[in-house]
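Residue numbering restarts at 1 for every chain, and letters A, B, ... go by the order of the sequence lines. These values consider heavy atoms only, across backbone and side chains, with no hydrogens, waters or symmetry-generated copies.
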Amino acid sequence: MNDVYKLHSLLIKTGLQDDAASLRRLLLSCAAAASASSAPESLPHARALFAGISSPDVVAYNTIIRSHAHSSPLHSLSFFARMLRRGVSPDNFTFPFVLKACSHLREMGHGLHALIAKLGLGSDVYVQNALISAYGCTNAVESARKVFDEMPERDLVSWSSLIGCYANNGFGYDALACFREMQLVESFEPDRVTLLSVISAISSLGALELGRWVDCYVRRIGLSWKISVGTALIDMYSRCGSVIESMRVFNEMPERNVLTWTVAINGLAVHGRSAEALKLFHDMKESGMQPDSITFSAVLVACSHAGLVKEGRGIFESIKKEYGMEPTLEHYGCMVDIFGRAGMVEQAYEFVEKMPIRPNSVVWRTLLGACVNHNHLGLAEKARGRIHELDPHHDGDYVLLSNAYGGVGKWNRKAQMRILMKDRRISKRPGYSLINADQEIHEFVSGENSHPEWENIRDSLTLIIDRLKLRGYTPQTSNVLHDIEEEEKESNLSYHSEKLAIAFALLHLENGRTIRVMKNIRICHDCHSFMKHVSDVFQREIVVRDQNRFHHFSKGSCSCRDFW
DNA sequence: TTAGGGTTAG
């Protein structure tokens, strides 16, 4: 980048600054530097150079669009619009850059696809692949599929893009089906990028067995030493409930970056292994690796799940004092959660009031949750008021509040969809649990009888509950807080999806095998109690992944020590 | 000068 500046000065000194060809070459270097290092600081310079070109051609426009696509996508689109206004016709290089900008904005440019078709560029494989990817980033999964289906020929990138599109939009099954189809139909060998999307799909489904297969596969083809792959595997094992294997991959990695450390710390945190998470954070610092803001979020999550108020506060303060970084809204949110979970609701409220950043509705909702949980209805009212001020039309808050205060309102399916969609990593559908058995993923939806063995499972569940009752299990029907925003209150708690999953597992998984349940929303108190009793009475290890964390049930107790 | 990828508060 320095060379670009030097050259520019030289041009000015020699009076050649008006030479279009030299300027264009400089612009190219500058843009290349900006794209390669994602260095936003060089972008103003690139724009200044571009402004010096009297009549930019398509290559100059492509260059300036490309350099801004990542860090400043609005600029890219504005240059693209200018290009069209000036009558410079975009080519097959232009659209992948423009589509990249759309991907970053998470919004597909209006009429872009039609324009591509009009210019006769719709059959360029680069453009088609970029379209799949851009549709994927803007949640238009069906449009992405349509482009893919209409391609006369597809390459590895086409398949990877579609797999990634499914994986990133919560369609784990489709991602894996597409992966299998790719290997069967085209006999393409997946590369690093393909595998990263596959691993991501496995993580969201919690398909541990398949994850182990991919782990072996990447070892075999020699990709396991890649930081990105290792990092994805650490995260995958953790999300599949096997924190031991996650740490094994971490320890085996020859090289690590800040993401590697962060996913490892986060993994320990969501499994309730807070002390180990903090130890790892310490090791990270010792190794000389600089934490970023996401690392701090992970460390704070570790504190919040174990009630480590003092440690959490210390780490929060160190963000600014030791690292000279400004705490983000997420960090403030974590602190509210730390105080709130520990029952320090007044402190949490004061903390929110004094925040230098305007708290969003998530922060207030965190506080509201803590207030209701600790019977602080006065403060809950205040928090409720603030949520209404900030977000008066947010249906989810109406749902949460109406439930918290005695089920005044009706569950609004639309609102639920919106809340769940925010968590794209997991799913878009309400209340379900997944379980892996015999290489297959079984799905159980709360209150639905969609599983082929449903009657058998229901009867079995009734017997299980009767047996647990004899050993002290009391079903709780007044489950207020923890299910509110997440699951429609059902007439019969026995049908919560995780209970159906457990009944199925007890019927099908041989004794001694750990039962792993993946749930898309938070586990409720009653199911939590149910799991503890099952782990005791049936002598089973049970691992439940819910929206926020993992619960490891064994011999009648849970790793979260009922603090979650 | 073109396309696909790994981490964040409830």
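Within 4.0 Å of A/I265, counting heavy atoms only, lies no atom of the nucleic acid at all. Counting non-hydrogen atoms under 4.0 angstrom, A/V263 reaches the backbone sugars and phosphates but no base. Residue A/R341 is classed as a sugar-phosphate contact, given heavy-atom separations below 4.0 Å to backbone atoms only. Residue contacts shown for A/T366 are limited to sugar-phosphate atoms, with no base heavy atom under 4.0 Å away. Base engagement by A/T194 is indicated by at least one non-hydrogen atom pair under 4.0 Å involving a base atom. If you check every strand for non-hydrogen atoms under 4.0 Å, A/S161 touches sugar and phosphate atoms only. A/L195 comes within 4.0 angstrom of no nucleic acid atom, judged by non-hydrogen atoms across all strands. The residue A/N266 sits close only to the backbone: its heavy atoms come under 4.0 Å of sugar-phosphate atoms, none of a base. Among the heavy atoms of the strands lying under 4.0 Å from A/N62 is at least one base atom, whether or not backbone atoms are also near. Contacts of A/I227 with the nucleic acid, taken as non-hydrogen atoms under 4.0 Å apart, include base atoms. Counting any heavy atom pair closer than 4.0 Å across all strands shown, A/D91 reaches no nucleic acid atom. Looking at heavy-atom distances under 4.0 Å, A/F296 makes no contact with the nucleic acid at all. Using a 4.0 Å heavy-atom cutoff across all strands shown, A/S133 reaches sugar-phosphate atoms only and no base atom.
Ring pair A/F79/A/Y61: centre-to-centre distance not below 6.0 Å.
Remark: A/V147 engages A/H113, A/Q128, A/L131, A/I132, A/Y135 in a side-chain contact (heavy atoms from CB on, under 4.5 Å) (not counting sequence neighbours).
Counting atom types as modelled, A/S160 pairs a side-chain N or O with a base atom of B/dG4 as donor and acceptor under 3.5 Å.
Of the candidate nucleotides B/dT2, B/dT1, B/dG4, B/dT1 has the atom lying nearest to any side-chain atom of A/V59.
Within the structure, salt bridge (charged side-chain N to carboxylate O under 4.0 Å, His left out) contacts touching residues 347-358 of chain A (residues at least two apart or in different chains) are A/E353-A/R386.
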